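What follows is a short report on a single structure.
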Amino acid sequence: MRQVVLDTETTGLSWERGNRVVEIGCVEFVERRPTGRTYHQYLKPDCAFEPGAQEVTGLTLEFLADKPVFTDVVEEFLEFIAGAELVIHNAAFDVGFLDNELRLAGAQYGCLADRCRIEDSLLLARHRYPGQRNSLDALCRRLGVDNAHRQLHGALLDAQLLAEVYIALTSGQEEIGFAAPGPAAGEESKASYTADVRLQRPRVVVLAAELAAHEARLETLRSKAGRAVWDEVVELAEA
């Protein structure tokens, strides 16, 4: 299964008010392991930042002035995400902005849902931790993901952090080895196709007695709570 963890930064909170995407960051996974392939691009928005938005990202119109507009990179972006399941935190926000960019680029591009299945990690977190804060920073703290280097919001950095959070959220794995920082402001940003770092994983054989004990435990949970969270995780993995 191929997944792309995606994040965007924007000039404000609402594309309906004319705000635009200024940064896209993507991290590729295959069978829940990072491949080393990323996509990162700054974009010239052709509109001003709303108050507060510039402080969140540290980006300026001056820095973005020589960057491409979305229509210049739409084909390479769509090629990178083609056929993948997109993992996005608060997907409605990012999808709304990207669908608007696709619409402005041309009707032939359709929308993200035409090309990809979309998994909202915020909904998963709210289901697992109801009534608690489930921002990316809050989940990093709760799940033991090191985000000490996140001083400002950045699309590629946030996608890398979200990838670790998502793996921990859905399987309990807390470390997948994203140590390298994203491109610094001022660096030219392009699609990155680095060496495939997928490694042969050991085959774990589960004994019949262990499977029976596992199923018995699930039946106990179902009888007490009406459902077992494990069943939903299996359904998501098989979707």
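In this text, all values refer to a predicted model and were calculated from it rather than measured experimentally. The analysis underlying the following values was restricted to heavy atoms, covering all of them including side chains, and did not include hydrogens, waters or symmetry mates. Just so you know, residue 1 is the first one in the sequence shown, and it goes up from there.
Closest heavy-atom contact between Arg142 and Arg133: NH2-O, 2.6 Å. Gly25 approaches Ala155 most closely through the heavy-atom pair N-CB, 3.3 Å. Counting all heavy atoms, side chain and backbone alike, Gln108 lies closest to Ala105 at NE2-O, 4.3 Å. Heavy atoms only, all atoms of each residue included: Leu86 and Cys116 are closest at CG-CB, 3.7 Å. Shown here for Gly18 and Cys47, the closest heavy-atom pair between the two residues is O-SG, 3.7 Å. Closest non-hydrogen pair, Val4 versus Cys26, comes out as CG1-CB, 3.6 Å.
When each of Leu161, Leu139, Val165 is paired with His89, the side-chain contact (heavy atoms from CB on, under 4.5 Å) condition holds for Leu139 and for no other. Residue Ile24 forms a side-chain contact (heavy atoms from CB on, under 4.5 Å) with just one option from Asp7, Leu156, Leu98, and that option is Leu98.
For the pair Glu50 and Arg17, the minimum side-chain heavy-atom distance is below 4.5 Å. In this structure, the side chains of Glu23 and Thr57 stay at 4.5 Å or more apart for every pair of heavy atoms. The shortest side-chain heavy-atom distance between Leu61 and Pro45 falls under the 4.5 Å cut-off. Two residues are said to be in side-chain contact when any heavy atoms from C-beta on lie closer than 4.5 Å; Gln160 and Leu157 meet this criterion. Side-chain contact check for Val95 versus Ile118: some heavy-atom pair is nearer than 4.5 Å. Between Leu43 and Phe77, the closest side-chain pair of non-hydrogen atoms is not below 4.5 Å. Looking at heavy atoms from C-beta onward, Tyr39 lies out of side-chain contact with Glu79 at the 4.5 angstrom threshold. Annotation: side chain of Val21 is not in contact with side chain of Trp15 (no heavy-atom distance under 4.5 Å).
In this structure a side-chain-to-backbone donor-acceptor pair under 3.5 Å is missing from Asp94 to Ala91. Of the possible polar contacts, one joining the Glu55 side chain to the Gly52 backbone as a donor-acceptor pair under 3.5 Å is found. Judged by distance alone, with hydrogens and angles left aside, the side-chain atoms of Asn134 form no donor-acceptor pair with the main-chain N or O of Leu122 at under 3.5 Å. A donor-acceptor pair is defined here as one N or O able to donate and one able to accept, closer than 3.5 Å; no such pair exists between the side chain of Arg20 and the backbone of Phe70.
One finds no salt bridge joining Glu31 and Arg2 here, because no Lys/Arg side-chain nitrogen approaches an Asp/Glu carboxylate oxygen to under 4.0 Å.
Both Tyr129 and Leu124 are assigned to one and the same hydrophobic cluster, defined by single-linkage of ILVMFWY side chains at heavy-atom distances under 4.5 Å. Put simply, Ile88 and Leu13 are part of the same group of oily side chains (I, L, V, M, F, W, Y) that touch within less than 4.5 Å, one to the next.
Summarising the local packing, CG of Leu104 is surrounded by more than 12 heavy atoms from other residues, nucleotides or ligands at distances under 6.0 Å.
Relative ring orientation between Tyr42 and Phe63 is described as perpendicular, the plane-to-plane angle rising above 60° on a 0-90° scale split at 30° and 60°. Below 30°, between 30° and 60°, or above 60°: for Phe93 and Phe97 the angle between ring planes is between 30° and 60°, a tilted geometry.
Going from atom CD of Glu85 over to atom CE of Met1 covers 3.0 Å, rounded to the nearest 0.5 Å.
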I would like to know whether Glu75 and Tyr109 meet side chain to side chain donor-acceptor pair (under 3.5 Å); could you show each step before the answer? CA-CA 9 Å; Glu75 296 287 351; Tyr109 294 115; 2.9 Å; yes
Walk me through whether Asn19 and Thr10 qualify under side chain to side chain donor-acceptor pair (under 3.5 Å). CA-CA 7 Å; Asn19 289 304; Thr10 65; over 6 Å; no
For a side chain to side chain donor-acceptor pair (under 3.5 Å) check, start with the C-alpha distance between Glu28 and Thr35, then their side-chain angles and the critical distance, and finish with the verdict. CA-CA 6 Å; Glu28 183 187 61; Thr35 67; 2.6 Å; yes
